[in-house]
Amino acid sequence: MHVSPDNSKGMNRGSTSPVENAGDRSAKKARVDRPGSGQAKRARGVAALNMSLLNCTVCCGPCKPPVFQCNGRHLACGRCLAEPPGEQCQKCEHGGGFSPCPIMDDIVSLAKVECSHDGCKSSVPYHELDDHESACPHSPCYCMQPGCGFVGPPQVLLGHLAALHSVPVHTVRYGKVHRLRVSAPRFLLHGEGDDSAFLLAVGMLGTAMVVSAVCIRAGASLRPRYAVKLLANGPPPPSSAAGRIKWELEAVTSSTRPDEVVVEELPSFLTVPPAYLVGSGASKAVTLDIRVDKM
């Protein structure tokens with residue numbers, strides 16, 4: 001069983017958000033393979049299936065196994081029936097009890113839809129689509145420049161920011177230390193090998209500079225995990241003092257909205273005292289040793 005969603009692929013400048021483009025999934029039509037007489041044969045015919053038929057009458061979302069059915073043929077998720085109002089169907093005029101429906105378990109497990117994100121070729125069960133898209137590595141991310149409506153996958157967004165907005169981008173090799181002079185509020189890192197995108201967020205906290213890192217991707221993404229180490233050496237000449245400030249982040253947080261990242265509000269950040277900085281005013285900078293590890 002397979003669904004071919006109608007929503008168009010790809011987003012660019014002026015695109016609406018993925019939520020706005022997704023529409024009502026209940027209007028999608030499924031392609032259902034008609035079973036043959038034997039397991040070895042696969043029929044070529046397909047039939048349209050309105051996906052709203054696979055929605056739970058309690059939560060209105062896609063039914064998740066185990067699926068229950070009342071005498072009026074209304075469907076409900078097992079987990080929904082475990083909560084009030086519970087076992088009686090609220091759609092039936094006089095209320096009806098639900099019973100397990102193994103055949104619907106098979107149907108909802110076989111009904112697959114394609115991920116709506118540009119570049120993702122995955123087909124997942126209809127009831128797993130929301131979970132998949134919330135963690136999909138191709139989830140659209142938003143341009144962080146004010147007034148720009150560009151939306152695209154992380155690697156495409158990285159190219160857009162570098163080409164159209166001249167945001168500094170530095171390619172890093174995982175496990176290797178890179179020495180960079182950092183001053184801009186937004187500094188981008190490109191992970192060599194898997195095209196991951198990282199935001200090196202920089203801000204000022206009083207007279208000190210604060211720096212942290214965020215992976216630009218779907219917020220629910222759990223794999224792969226990344227760790228970041230920052231090391232500030234100083235103070236710079238003419239000071240004769242020697243010092244090092246080290247900061248480690250074992251699990252980098254993720255965000256599709258780098259424009260909304262405020263370094264001071266992140267769970268952790270490196271604080272660089274004024275003595276380690278060079279320049280003045282908005283041009284203050286610090287030289288950092290940066291290492292990104294792919295876990």
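Please read these numbers as outputs of a predicted model, since none were measured by experiment.
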When the side chains of residues 71-80 are checked against the rest of the protein, which donor-acceptor pairs come out under 3.5 Å, sequence neighbours left out?
none

So which heavy atom on P274 is nearest to which on T207, and how close?
CG-OG1, 3.2 Å
Can you tell if the side chain of V172 reaches within under 4.5 Å of the side chain of H190, non-hydrogen atoms only?
no
Cluster overlap L54 with V124, hydrophobic side-chain contacts below 4.5 Å:
yes
The salt bridge (Lys or Arg N to Asp or Glu O under 4.0 Å) partners of K121 (sequence neighbours excluded) come to none
Using the rule given for side chain to side chain contact (heavy atoms under 4.5 Å, CB included), can you reason through V211 versus F187, listing the C-alpha separation, both sets of side-chain angles and the distance that settles it, and then say yes or no?
CA-CA 10 Å; V211 187; F187 193 93; over 6 Å; no
Quick one: list whatever passes side chain to side chain contact (heavy atoms under 4.5 Å, CB included) with I245, sequence neighbours left out.
A232, L270, P273, Y276
Identify which one of L189, T256, L199 satisfies the side chain to side chain contact (heavy atoms under 4.5 Å, CB included) criterion when paired with I216.
L199
Qualifying salt bridge (charged side-chain N to carboxylate O under 4.0 Å, His left out) pairs, either residue in residues 199-214, two or more places apart
none
Determine whether V156 and V169 fall in the same hydrophobic cluster, where Ile, Leu, Val, Met, Phe, Trp and Tyr are linked whenever their side-chain heavy atoms lie under 4.5 Å apart.
yes
Looking at side-chain heavy atoms only, is the closest gap between P267 and T253 below 4.5 Å?
yes
Residue list, ring pair (Phe, Tyr, Trp, His ring centres under 6.0 Å) with F68, at least two apart or on another chain:
none
To the nearest 0.5 Å, what is the distance between NZ on K229 and NZ on K246?
5.5 Å
Is there a side-chain contact between P224 and Y174 (heavy atoms, below 4.5 Å)?
no
What's the separation between atom NE2 in H132 and atom SG in C120, rounded to the nearest 0.5 Å?
3.5 Å
Sequence neighbours excluded, which residues qualify as salt bridge (Lys or Arg N to Asp or Glu O under 4.0 Å) partners of K64?
D131
Approximate separation, where rounding is to 0.5 Å, of L277 CG and M209 CE:
5.0 Å
The side chain to side chain contact (heavy atoms under 4.5 Å, CB included) partners of A285 (sequence neighbours excluded) come to R181, S183, V278
Audit row: V261, L266, side chain to side chain contact (heavy atoms under 4.5 Å, CB included) steps and yes/no:
CA-CA 8 Å; V261 173; L266 293 175; 4.1 Å; yes
Which pair of heavy atoms, one from L200 and one from A213, lies closest together, and at what distance?
CD1-CB, 4.2 Å
Partner residues of Q145 under the side chain to side chain contact (heavy atoms under 4.5 Å, CB included) criterion, sequence neighbours left out
C143, C148, L161, H165, V167
When rounded to the nearest 0.5 angstrom, what is the spacing between CD in Q155 and NE2 in H138?
6.5 Å
Note, T171 side chain near H178 side chain (heavy atom, < 4.5 Å):
no
Can you confirm whether the side chains of S212 and W247 place a donor and an acceptor under 3.5 Å from each other?
no
Looking only at heavy atoms, the pair that brings V252 and C215 closest together is CG1-N, 3.4 Å
If you look at every heavy atom in M144 and D259, which pair is closest and at what distance?
CA-CB, 3.3 Å
Salt bridge (charged side-chain N to carboxylate O under 4.0 Å, His left out) contacts in which one or both residues fall within residues 263-275, not counting sequence neighbours
none
With F269, which residues qualify under ring pair (Phe, Tyr, Trp, His ring centres under 6.0 Å), at least two apart?
none
Taking the side chain as C-beta and beyond, is there a heavy-atom pair between F150 and L164 under 4.5 Å?
no
Under a 3.5 Å threshold, yes or no: a donor from one side chain and an acceptor from the other, between E260 and S255?
no
Please name all residues satisfying side chain to side chain contact (heavy atoms under 4.5 Å, CB included) with E128, sequence neighbours left out, ordered by chain then number.
P125
Is any side-chain heavy atom of L157 closer than 4.5 Å to a side-chain heavy atom of H160?
yes
For C63 and N55, which heavy atoms make the closest approach, and how far apart are they?
SG-C, 3.7 Å
L231, F198: one ILVMFWY side-chain cluster at the under-4.5 Å cut-off?
no
For residues 287-295, which side-chain donor-acceptor pairs fall under 3.5 Å, sequence neighbours excluded?
| residue | atom | partner | partner atom | Å |
| --- | --- | --- | --- | --- |
| D289 | OD1 | R179 | NE | 2.7 |
| D289 | OD1 | R179 | NH2 | 3.3 |
| D289 | OD2 | R179 | NH2 | 3.0 |
| D289 | OD2 | N233 | ND2 | 3.1 |
| R291 | NE | D293 | OD1 | 3.0 |
| R291 | NE | D293 | OD2 | 3.1 |
| R291 | NH2 | D293 | OD1 | 3.2 |
| K294 | NZ | D194 | OD2 | 3.2 |

R217 vs S196 side-chain heavy atoms within contact, under 4.5 Å:
no
